[in-house]
Every structure is written in C-alpha cells, then in structure tokens.
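Chain naming here is simple, since letters A, B, ... match the order of the sequence lines and numbering starts at 1 in each. When reading the values below, keep in mind they use all heavy atoms of this one structure, side chains included, and skip hydrogens, waters and symmetry mates.
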There are 2 protein chains.
Amino acid sequence: MGEIRQAAVRNNLLRLVSAESFDAIAKHLEFLELPRGFELSEPHEEADYAYFPESGIASIVARSPQGQHAEIGIFGRDGMTPATVVLDAGTDPYSIFMQVQGEGYRVRASILKQMLDEDAAVRVLLGRYAQALSVQGAYTSLSNAVHHIDERLARWILMCHDRTDGDEISLTHEFLSIMLAVRRPSVTTALHMLEGRKLIYSERGMIIVRDRPALEQFANDAYGECEREYFRLIGPFS
Amino acid sequence: MGEIRQAAVRNNLLRLVSAESFDAIAKHLEFLELPRGFELSEPHEEADYAYFPESGIASIVARSPQGQHAEIGIFGRDGMTPATVVLDAGTDPYSIFMQVQGEGYRVRASILKQMLDEDAAVRVLLGRYAQALSVQGAYTSLSNAVHHIDERLARWILMCHDRTDGDEISLTHEFLSIMLAVRRPSVTTALHMLEGRKLIYSERGMIIVRDRPALEQFANDAYGECEREYFRLIGPFS
DNA sequence: ATCCCTTTGTCTGATACCGTACCGAGCCCC
DNA sequence: GGGGCTCGGTACGGTATCAGACAAAGGGAT
C-alpha cells in the first residue's frame, strides 16, 4: 500500500482522477485477487468496500422476489462498485459478483465517501460513471425486449471482449444463460450459430473471439449505443 | 410566478425540499399544461428546462440505432426530468414525453443546475431520485427478460395507477404496445385476460382499475421491488 | 487407467408471441 | 347523419424459445 503509481494503474476511473486526488486515495487502496464468484456487493446490504477492478469482469444482477434474475450490466476496469456511493443511496438491490476472475483495488467505502464530500472533481467523475451504468442497464432492457438470443449473445461477448486483454473469455454456457436470462441449451445453439459463421471459437469453458468486426456487424442493432455514451461521459478506455 | 405555496404543490420532490430551498426555487417555477405527446426531453439534446409534473405520466424510452424502442421507466408527480442534471451528464440518450396528459412546473435547467451546486440537500435528494429511476429501469429490464406479457401489463397498469388520482387511466392499446415492446394485438388479448378476471375494465382509450389488490396479486413477481426502493430512497408519495 | 463431476450437445413436444392482414365499432366533424 | 379517421377485435400461419430429460465428452483426482 501507499506506493501505487497512477500511470501503472489500469482501472480507467482511477486513471482519470487528478494526480492530487489519486495521491489522496492511493494510500488507502488495497490490491487483491478477485476470483470467479467473488461477491463485491449483496442486495440491500451496505458495502464495506468500494472495488476498482484492474482486470476481470463483474456482473450486476437484479433478482425478483420469486428468485427470477437477469443481468442488468457488467463492468471491468472501466468501472467500479458501488456506484450508489456517489448518490448517497446507501445500498442497492443488486447482486454484484466476479464473473471472469481478475484483480483489483479496494478502499473502505467510508473513506471513499469522505473523499467524495471533499473532492468535487471525483464526485463528478463517479456521477458520470453512475449515469453510464444506468444507460447500460437501459440498453440491456431494450435488448431483452426486442433482440433475438443470438444478437444478445453477440452483444454480450463484445462487451466482455472490450473488458478483456486477449481474445479469450473464460465462461461456461450455464453462466451465459443466467446472464442472458435464457435456457442453457439456447446458449449452446446460439454459440454454434456464431461459430458456424466463423465469428468465434467455442471450447469447453472458453469463448474465443475470432472476427471482431464481423461480430459487431452481426450484433448490429444490439451493440454500440451505451459504449458511445460511456465514451461521451467518461472518455476512451482500452 | 413567485407565489407558489409549497404545501399546495403535489410533486413529491418539490414537497420534500426544505422550505428555504423551495423558496429559492419557487420564484423560477413556471406552471404549464403538459398535453399528451409533449416532449420533455429529446435524445442527445441538452434540455432547456427541468420539469416537475404535478399530474399526468411521462415515459422514458430508449431507442436503438435501427429504431427499435422500449420503455425503461415512467414518472409522474413522484419524479422529474432530466435526472442527469444532478450527475453532470449533460444529455441522455432517451426520449421523454407525456403519455397521460397532466400539468406541472418547469424551471430553466441552468437555474436548477446552479441551485444544485449551492444546495447539498437538494443535490442529495435528486441524486437519490436518479438512483430510484435507475432501479426502475433495472426491474423493467428484468421484467422484459423473464415475465409474460400479461404480468408485465399488470405491472405497467399498477405503476400508472400509482401516479394517477382516480382509477381511470387514459391510454390506447397502441401506446401500451410500444411501452411493453410487444404487438398491439397482444395487448388487446392481455387486456381481455385481465378484464375476464375482473381486475380492470377496458374501454376505448381508457383502462379502469377495478380490483387493485387482485391486480397486484396477479402481477405478483413483476411488481413491488422498485416501489419499495423508491420508498426507501425518497419516502412515501400518494 | 478409472471414477466422478462438470460442462456441453441433442431431442421431443409444447407454447407464447410474432407479422400481417382485415374488418367492425366508436367518435369527431362538417 | 353520413364520411372519414382512429381505435379495437380477431384470425392465420410461422417461429423463437421454453421445459425437461438424457447422453456424450472433457478433465481432475485417486
């Protein structure tokens, strides 16, 4: 702790705060592994820590009273949790957990909160991130309503690819089916479809992007809007 | 202008600010009719005014590049637009327009923005409202993904009923079909279903809630979560 | 190797919903 | 009180997806 160089950090939000703000927060940052399944936040519970992933992918899932669930958004080194901290909301009703393992920094939520009170620039940045996340949820909603499974799957693979270093994404069909709120066998067939078009390779527990431009073209209407909105609100990341 | 009594106001957010904050904003409030179809905000355009409805219902719709669309949330006197103002986001990608005619106040966005900079309590309130709206979007997403048309329709009627004075909601099937992102005839059949169960009456251009508790029971898994979250974040309204 | 467990592939029938089209009914307006 | 428009009801074939079950294949541990 206390000797993290901002230039070496990969999390986009941590990179974008001013050097002064970064120094203020850096001494409280703790680096840790984020294994698959790691819970970053549980529904209706006040989070002890805020997490800023350096790698890996986290999933935000809403659950109905009867236990139905659907993913409303994902983030990796483009984001953080809990976004509610900047809105003084205390808790949110979501499960947030690591879906592709990675690493990241965490800081006590109380410390981050205090920083936000004192540092308007950081407050603005995280506020804009909260908006980007909300827009991501909105477009997930649209996609759930109007797009076919294979398009939604393509969208989802693209969104993961954006947040991953190579072309390999480590995921099971089972997991994908939860994320897309469809049956597991539907994922299998949809993946075969994408594989047949030579857009991806699919192996046991692994999806490999083979032709990203064609994949974007296939996802077509389902991909792009909320990425553009992130770019407008926060800026580029890669 | 300038002589609006806070106790006479019906918009929940305006009611909840302190008397001092209200006095500061009241002199800038302008009362106006909000006819059906009135545009409160257009996608990617900076809004000139912020609107606080006193009655009627506004709809927030996301549009895909190809022109597909789906509703992600609604608000009436429980809310305001643009929620982005508190997040310094400038614009959002949604169409926001009146769906059931009503009345409301508006204030120049620049004035509201300035107030937010100076008044932390108002900033917190609107921030929490932004969160409530985001959660509403998340549960719309969940509903789009996992619930059947008739349940979603019931949910939607309940949400409108919450924001209406009587039991009558003035809406065409066409409009409903856009909101639920389904075919118009599907709405017709679903409404018949609800009518057959004696939960509503349905007339030309009008839906009348007949048995609200039973309607809630029917909507079951689809209704309630985001209402509870609004209550937690903001408080009751009625 | 052998066992076991996770993950993936495939099948069957059922169904919710779609796209499209067409017609009837209510309502406004001259 | 008829013309025309909006709105609602209904019908038909088509298909994307579901529900559930089962079998095969990969991979780790003994």
For residues A:A154 and A:L215, report the shortest heavy-atom separation together with the two atoms involved.
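Reported closest heavy-atom pair: CB-CD1, 4.1 Å.
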For the student: nearest non-hydrogen atoms of B:L34 and B:G104, plus distance
CD1-N, 3.8 Å
Which pairs, with at least one residue in residues 53-63 of chain B and sequence neighbours excluded, count as a side-chain hydrogen bond (donor to acceptor under 3.5 Å, both in side chains)?
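The answer is B:S59-B:E71, B:S59-B:Q99, B:R63-B:S95.
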Looking at residues at least two apart in the chain, or sitting in another chain, which of them share a salt bridge (Lys or Arg N to Asp or Glu O under 4.0 Å) with B:E229?
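Partners of B:E229 by the salt bridge (Lys or Arg N to Asp or Glu O under 4.0 Å) criterion, ordered by chain and then number, come out as B:R232.
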For a 4.0 angstrom threshold against heavy atoms of chain B, report the outermost contacting nucleotides of DNA chain C in 5' to 3' order.
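It runs C:dA16 to C:dC27.
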Give me the distances for all protein-to-nucleotides 2-6 of chain D N/O pairs that come in under 3.5 Å?
residue, atom, partner, partner atom, Å
D:dT6, O2, B:R204, NH2, 2.7

Summarise how protein sits on nucleotides 10-17 of chain D as a single string, 5' to 3': B when a protein heavy atom is under 4.0 Å from the base, S for sugar-phosphate-only contact, - for no contact.
B-----SS
Does anything in residues 41-66 of chain B form a ring-ring contact (aromatic ring centres under 6.0 Å, His included)? List the pairs, not counting sequence neighbours.
B:F38-B:Y51
Which pairs with one or both residues in residues 136-186 of chain A pass ring-ring contact (aromatic ring centres under 6.0 Å, His included), sequence neighbours excluded?
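Passing the test, one end in residues 136-186 of chain A: no pairs.
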Under 3.5 Å donor-acceptor, B:N11 side chain and B:G79 backbone
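Indeed, once roles are kept as given, a pair shorter than 3.5 Å links the two residues.
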Is the backbone N or O of A:G224 less than 3.5 Å from a side-chain atom of A:E227, with the two atoms forming a donor-acceptor pair by type?
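A pair under 3.5 Å: yes.
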Please list all pairs meeting salt bridge (charged side-chain N to carboxylate O under 4.0 Å, His left out) that have one or both residues in residues 128-149 of chain B, counting only residues at least two apart or in different chains.
none
Qualifying salt bridge (charged side-chain N to carboxylate O under 4.0 Å, His left out) pairs with a residue from residues 152-169 of chain B, counting only residues at least two apart or across chains:
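Residue pairs with at least one partner in residues 152-169 of chain B: B:R10-B:D165, B:R77-B:D165, B:D78-B:R163, B:D162-B:R212.
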Roughly what angle, to 10°, lies between the helix axis at the start of the helix from C:dA1-D:dT30 to C:dC30-D:dG1 and the one at its end, five pairs per end?
30°
Could you give the side-chain donor-acceptor pairs of residues 197-206 of chain B under 3.5 Å, partners two or more places apart or in another chain?
residue, atom, partner, partner atom, Å
B:Y201, OH, B:R210, NE, 3.1

Of all residues at least two apart in sequence or in a different chain, which pass the side-chain contact (heavy atoms from CB on, under 4.5 Å) check with B:A47?
B:P82
